[in-house]
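Structure first, then comments.
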Amino acid sequence: MRISYTEKVILHCLTKIGNQRTIFSILHLLNGKKTSQTIQDAHLFHLTEFFHLFPCLQRNEFTEIYKRMEKVNIIIEKENLSFKLTNKGQKIINGSSNPLPAYVNGWQYHRYTARFWERLSLLVQVVSQLNKQNQRYIPIQTKKEVHYWLKSLLKQLKWKREDLAKQLFGELSALLGKDESIRPILLVIRLSGYSKIGLTAEQVSDKLRMNEDEYHIHFLNILHYMIQQVEKSRTEFPILQQLILDDDHSFSLLTKSTSKTYQLLQQGLSIDEIAAYRNLKKGTIEDHIVEIALNIQDFTIDKYVSQFNQQQIERASKNVSTKQLKYIRQSVPGANYFEIRLVLAKNGIR
């Protein structure tokens, strides 16, 4: 039985989550919903690469997809909108590999993938036009901050037009030729330049006869690959490395609000003190600490959970074979939900 690319992605997530969460937890994951629950689930169920892959997927579209899979007996509802794969669904997924290409990592790169593409596409267009000494063209990107960034970069580089074009072409050729699994055409066909207008994502998927969602993922794969390689070898790519530099430190794995809480924790403030200082609920600060535990590997939770409770929670989480907090708490009545979430967070990241 043939299933769509999006269905394949949903089924893959469902094999990890099972009926421990509702089906809509997968939608929140694919949307990149920045709630403590979704962020923690992404790590606990080892689905971080799927985070924020389909930010525009609507609830009604998602509902139609999972109801269709239920209708053809690929998935079956267990209780309260939690589903599991049927034998038929299991056979389908067993015959399929991970639907994501090798370099896709939504959690790690979602904050700046769009900005990387905006800068890259405008840079290529402008350098191409400069090289042909053409000043009459419409910029492919309209955001003022992207224009300001490029003007600043060109002033900083101070290269001759032809040298700049030659260097940029060399860097892109070297980068996109490093890995044979990368298909440069998926990106190059969307670039604009002198006497050339790049195609839209919809036009490319139609031209290459690819499903739109599948093309979207493979396009992300190239961008994530480029970011990863440039981060590793910045000196090898003096121009392209400028695309990932920023003064606002937004490449941090922590969300902005959590970063503020982390700074206050490092100053020695308690949960209650931070909540009062930031005028936030205590539960919100606890959510931040769980996010910190997920992403900062040397962050210790000993201040918040005793060693005894940590051991008890770890043992319970293995024995009950579930990540539903209520079942773990039944086994460890001396621990609260915050403590359980913290221990699971540390275990999940390891």
Side-chain angles (χ1 to χ4, degrees), residues 9 13 25-57 100-123 141-150 152-153 175 187 190 201 213 216-234 237 240-266 278 284 287-297 299 345 348-349:
V9 168
C13 294
S25 66
I26 297 176
L27 174 63
H28 298 156
L29 176 76
L30 298 177
N31 282 166
K33 192 174 182 180
K34 290 189 173 80
T35 62
S36 174
Q37 184 67 62
T38 301
I39 292 172
Q40 184 169 344
D41 284 350
H43 287 83
L44 290 179
F45 294 106
H46 306 289
L47 291 168
T48 51
E49 65 269 32
F50 289 85
F51 189 84
H52 200 265
L53 292 192
F54 297 123
C56 297
L57 180 60
L100 298 188
Y103 295 100
V104 172
N105 193 323
W107 172 252
Q108 188 168 358
Y109 298 124
H110 77 275
R111 290 177 180 84
Y112 43 95
T113 302
R115 183 173 56 192
F116 180 84
W117 167 243
E118 289 165 355
R119 291 178 173 184
L120 175 64
S121 57
L122 185 62
L123 174 64
Q141 297 295 339
T142 58
K143 291 182 180 178
K144 290 183 179 180
E145 59 266 29
V146 182
H147 290 194
Y148 292 149
W149 168 83
L150 183 55
S152 176
L153 175 63
L175 180 58
L187 178 133
R190 292 185 62 181
D213 285 342
H216 166 71
I217 294 299
H218 282 275
F219 181 69
L220 284 182
N221 185 59
I222 296 179
L223 295 181
H224 291 180
Y225 160 79
M226 294 176 74
I227 295 169
Q228 182 188 112
Q229 295 303 311
V230 172
E231 282 181 332
K232 286 182 179 178
S233 309
R234 296 195 178 206
F237 306 105
L240 293 178
Q241 65 110 8
Q242 298 293 329
L243 275 67
I244 62 174
L245 293 179
D246 227 317
D247 295 328
D248 62 7
H249 306 291
S250 58
F251 288 10
S252 168
L253 288 176
L254 299 177
T255 55
K256 289 184 179 180
S257 185
T258 299
S259 295
K260 293 178 182 178
T261 293
Y262 185 45
Q263 292 172 2
L264 295 173
L265 286 174
Q266 291 178 308
R278 298 196 59 197
T284 301
D287 287 347
H288 292 168
I289 294 174
V290 171
E291 185 182 337
I292 293 166
L294 283 166
N295 292 288
I296 308 298
Q297 294 192 24
F299 180 76
I349 198 67

Subject >> Met226/Ile222 under side chain to side chain contact (heavy atoms under 4.5 Å, CB included): CA gap, chis, key distance, verdict >> reply: CA-CA 6 Å; Met226 294 176 74; Ile222 296 179; 4.0 Å; yes
**OP:** Can you measure from CG (Leu44) to CD (Gln37) and round to the nearest 0.5 angstrom?
**Re:** 8.5 Å
Original post:
Which value, rounded to the nearest 0.5 Å, describes the distance between Asn105 atom CG and Asn221 atom CG?
Top reply: 11.0 Å
Original post:
Is the closest side-chain heavy-atom distance between Trp107 and Asn295 below 4.5 Å?
Top reply: yes
Subject >> Expected output: side-chain Asn31 to main-chain Cys56 donor-acceptor under 3.5 Å >> reply: no
Original post:
Are Thr113 and His224 close enough that some pair of their side-chain heavy atoms sits under 4.5 Å apart?
Top reply: yes
Subject >> Plane angle bin for Phe299 and Tyr262 - parallel if under 30°, tilted between 30 and 60°, otherwise perpendicular >> reply: perpendicular
**OP:** Begin from the C-alpha positions of His43 and Ile39 and carry the test side chain to side chain contact (heavy atoms under 4.5 Å, CB included) through to its verdict.
**Re:** CA-CA 7 Å; His43 287 83; Ile39 292 172; 4.2 Å; yes
Original post:
Is there a side-chain contact between Leu29 and Asp41 (heavy atoms, below 4.5 Å)?
Top reply: no
Original post:
Just how far is it from atom CG of Leu150 to atom CG of Leu122, taken to the nearest 0.5 Å?
Top reply: 5.0 Å
Subject >> From CD (Glu49) to CD1 (Ile217), nearest 0.5 Å >> reply: 11.0 Å
**OP:** Evaluate the criterion side chain to side chain contact (heavy atoms under 4.5 Å, CB included) for residue pair Phe116 and Tyr109; output intermediate values, then yes/no.
**Re:** CA-CA 10 Å; Phe116 180 84; Tyr109 298 124; over 6 Å; no
Subject >> His147 (side chain) donor-acceptor with Gln141 (main chain) under 3.5 angstrom >> reply: yes
**OP:** Tell me, with the steps shown, if Val230 and Leu243 meet side chain to side chain contact (heavy atoms under 4.5 Å, CB included).
**Re:** CA-CA 9 Å; Val230 172; Leu243 275 67; over 6 Å; no
Original post:
Taking the side chain as C-beta and beyond, is there a heavy-atom pair between Leu120 and Leu240 under 4.5 Å?
Top reply: yes
Original post:
With distance as the sole criterion, is a donor-acceptor pair present between the side chains of Thr261 and Arg278 under 3.5 Å?
Top reply: yes
**OP:** Measure the shortest side-chain to side-chain distance between Leu187 and Leu223 over non-hydrogen atoms and say whether it is less than 4.5 angstrom.
**Re:** yes
Original post:
Less than 4.5 Å apart, any side-chain heavy atom of Val9 and any of Asp213?
Top reply: no
Original post:
Side-chain contact, heavy-atom cut-off 4.5 Å: His288 with Ser257?
Top reply: yes
**OP:** Could you tell me whether a side-chain N or O of His52 sits under 3.5 Å from a main-chain N or O of Lys34, the two making a donor and an acceptor?
**Re:** no
Subject >> Separation of Leu47 CG from Thr38 OG1 (nearest 0.5 Å) >> reply: 11.5 Å
**OP:** Work out which heavy atom in Gly106 is nearest to a heavy atom in Leu53; give both atom names and the distance.
**Re:** CA-CD2, 4.2 Å
Original post:
Side-chain contact, heavy-atom cut-off 4.5 Å: Arg115 with Trp149?
Top reply: no
Subject >> Tyr103 (side chain) donor-acceptor with Ile227 (main chain) under 3.5 angstrom >> reply: no
Original post:
If you measure from NZ on Lys33 to CZ on Phe51, what distance do you get to the nearest 0.5 Å?
Top reply: 11.0 Å
